[in-house]
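Contents: one structure, followed by commentary.
These numbers come from a predicted model, not from an experiment.
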Amino acid sequence: MDFPLDSRHAQPSESSVPSIDFRAELNDEQFAAVTAEPGPLLVLAGAGSGKTRTLTYRVAYLLSMGVRPGEILLLTFTNKASKEMLARVEQLTGVEPRRFWGGTFHSLGSRVLRIYGDALGLPKNFTILDADEAESLLKTAVESEDKLFFKDKTHPKTGPPHNVISLSRNTRLDLLETVKRNFPQYDEIAHRLPAFAAAYAARKREQNVLDYDDLLELWLELLIKAPDIATYFANRFRHVLVDEYQDTNTLQSEIVDRMAAHHCVMAVGDDAQCIYSWRGANFENIMTFPDRHPGTVIHRIETNYRSTPQILALANGVLEAQPKGRHFEKKLIAARANSTKPYVVQAMDDREQADFVLKRIRSLIEDDGVSPSEIAILYRSHFVALEIQLTLSRAAIPYTITSGVKFFERQHVRDLVGLINFVYNPANTLAWERIAILLPKVGEKGAAKIHAAALDHARFLQQDFIDALASDEVKAKVPAAAKDDWSQFCASLREVAHAMRDEKPARAIELAIEGWYGDHMKGAYADYVDRYEELKALVGFAARFDEMQEMLAQIVLLNGETSDKEVAPSQDAIKLTTVHQSKGLEYDAVFVIGLADGMFPGRRSIEDGDVEEERRLFYVAVTRAKNELYLCYPKIASRAGPGGMMLNPSRFLTELSPSLYEPLRIKRQFGW
């Protein structure tokens, strides 16, 4: 087989690389990694230690040593990271980014398959499905195996099976094991999934289309089944460089191993920042790298230019609490001058925690001159941030959420609020439509017809509208596909209506979550458990109100306020984000909230007896802070409803030496 080389990659550099004084530009640790002899290299780059700088200068160094751009393969996780890195290489060397093979795993997989996919019988004119198209094709494939599968209300919708199949492919685990480990709510249908996955794969072949996961799976298959192509790549790329190696999944790790068959591979990452197992990242990839690449030389880059010594001392305390033998030993070394210790802040409940954060933010901005955009509030899960959002909105302090939409704008929250709105006011056709179209085969027109029929029936019999929905006359207007759901749907609405009349708003919210909508959500979302936890936060929110009307009015007002405060991410605003989404970012002042057992670490990780990824997540959180760090937790979880639930401070706090932080107890008048 002929292997075409793009002429721009085959030719030597058209101009010599400018002379760079690597010794002067880099610290000792970075210099050692950048100028290391070719071979298998594992660079453990601690938080804030200049990882990107090291990788960029490594590329520049290779070029200065006569390696041609086309002989370097640079693998990253985002297009942004790849573009920024290659742009910096161009600034240093004058070599244009287009002359490298550099990009995300998926983009390079697409490139490889477009050129060499015919070795697998893949036509060059294949097209790539987006996420919606992939789910639609899977739905067709499932219905070809069992046309009634999605009509069974106990079965999930299309999205969750697609997520299960995707995770199985990326982790190289069979589907039954994937369900057992990650999606136990689908245990009863697990045995059906292999046939569905096979039918889906057949449909893709028939239509000459690939999905996102195929770009990796088929790339690996090509390297396994076409040894001549694998040999070509091994000879072609003299150096393979991988950014954020701790985030690789099993597929990506195997691709790297085969593309770097001659062991000239540099993997740059930090085992202490491996936090994405829920999307397939495999912690073992970085831990076993030296075993898979004999002769690996490990370089540690530990000098941190971001944070104060006191913040780094606490971060090192987090690392020291890791189980021995299950991580690479490292210790962050401060390059900055001493400052104040981090604070551990105990609040009575979510509201007091939010009030403290607000008061301290005002002081930082007004007294210390800190820019709002340099202040971040981090949390483990979205529901933890509800009270903070409400407090900042009322105080007219602009904020942005960098990891998603605001709490009351999230789809499942809006659905539940829509259900409550409709039960409270059945004449609200917009609220009715929002929940009715969640039923199978009910569209906007169908929802309007059902509502009109129920209204006529209620008027004719002088009956309550919610009761009228359950009548045979109204049920006759319901599409056949939705009839199985209809009885539970109506019963759930009646239950919520009775609670509105006889009990407090919190009870009505609780029943709405536990009823029909909770079952709907289980089938609609693979991350059902996380969304369920978020909805439970509404129970605590509702507990502060005695009247449903007052609660619903407050939600509308808050939505209006937060919409008014909506600002572009580049504007001067407080940043709210999950810890996962904060990785790679840094701020002058960081507040980590909700640091209580069951919240951070989460309840599921505690029950499973494995909190190590959560501990790494905590490490990521504390290392975002440059100057000031506040670790906050409530004693009472108001989201549990009236009376609340007592909480213990996070084990990640209690395992730290008290010498690493200053305890700060809030006085009832919010002094400290």
Side-chain angles (χ1 to χ4, degrees), residues 386 390 393 406-439 442-471 473-475 477-478 482 485-521 535-563 641:
L386 172 58
L390 304 181
S393 294
K406 294 176 172 61
F407 183 84
F408 283 111
E409 294 171 358
R410 288 173 62 74
Q411 183 174 334
H412 53 296
V413 177
R414 293 180 67 188
D415 286 345
L416 194 80
V417 171
L419 187 152
I420 295 295
N421 257 310
F422 167 69
V423 174
Y424 182 76
N425 174 19
N428 185 338
T429 55
L430 289 176
W432 161 254
E433 182 181 294
R434 179 167 194 95
I435 60 168
I437 63 174
L438 299 177
L439 293 163
V442 175
E444 294 177 9
K445 291 182 179 178
K449 288 180 181 178
I450 296 169
H451 190 277
L455 187 61
D456 288 345
H457 190 77
R459 285 172 176 169
F460 181 71
L461 295 179
Q462 295 186 328
Q463 189 179 27
D464 180 270
F465 187 95
I466 301 297
D467 291 333
L469 282 172
S471 67
E473 290 81 359
V474 175
K475 188 174 181 179
K477 302 292 184 182
V478 176
D485 279 11
W486 189 251
S487 295
Q488 186 196 6
F489 176 77
C490 293
S492 182
L493 296 182
R494 280 201 304 271
E495 198 172 31
V496 173
H498 292 158
M500 283 188 187
R501 288 194 294 267
D502 304 331
E503 303 184 60
K504 296 290 182 69
R507 180 56 179 161
I509 295 287
E510 201 167 27
L511 290 171
I513 297 169
E514 294 171 355
W516 166 83
Y517 186 72
D519 285 344
H520 162 80
M521 194 168 62
L535 290 184
K536 294 292 282 186
L538 274 176
V539 178
F541 173 76
R544 69 184 69 183
F545 302 101
D546 292 325
E547 301 292 336
M548 183 61 71
Q549 181 179 15
E550 183 186 2
M551 188 198 81
L552 292 174
Q554 189 64 45
I555 290 175
V556 172
L557 291 172
L558 286 168
N559 268 338
E561 289 171 4
T562 55
S563 296

Just how far is it from atom [atom1] of [X] to atom [atom2] of [Y], taken to the nearest 0.5 Å?
X: L511; Y: M500; atom1: CG; atom2: CE; result: 10.0 Å
X: H457; Y: K477; atom1: NE2; atom2: NZ; result: 12.5 Å
X: I509; Y: K536; atom1: CD1; atom2: NZ; result: 11.0 Å
X: L430; Y: I435; atom1: CG; atom2: CD1; result: 12.0 Å
X: Q411; Y: L416; atom1: CD; atom2: CG; result: 12.5 Å
X: T429; Y: F422; atom1: OG1; atom2: CZ; result: 10.0 Å

Got [X] and [Y] here, is their nearest side-chain heavy-atom distance under 4.5 Å?
X: W516; Y: L439; value: yes
X: M548; Y: M551; value: yes
X: F408; Y: L538; value: yes

Does [atom1] in [X] sit with more than 12 non-hydrogen atoms of other residues, nucleotides or ligands closer than 6.0 Å?
X: E547; atom1: CD; answer: no
X: R544; atom1: CZ; answer: yes
X: E473; atom1: CD; answer: yes

For this session: Please check if the distance between the ring centroids of H451 and F465 is under 6.0 Å.
Result: yes

Problem set entry | Between H520 and Y517, ring centroids under 6.0 Å | yes

Seminar exercise, completed: Tightest non-hydrogen contact, residues A482 and V442, listed as CB-CG2, 4.1 Å

Problem set entry | Under 3.5 Å: donor-acceptor pair, side chain of S492, backbone of F489 | no

For this session: State whether the side chain of W432 and the backbone N or O of A447 hold a donor-acceptor pair below 3.5 Å, judged by distance alone.
Result: yes

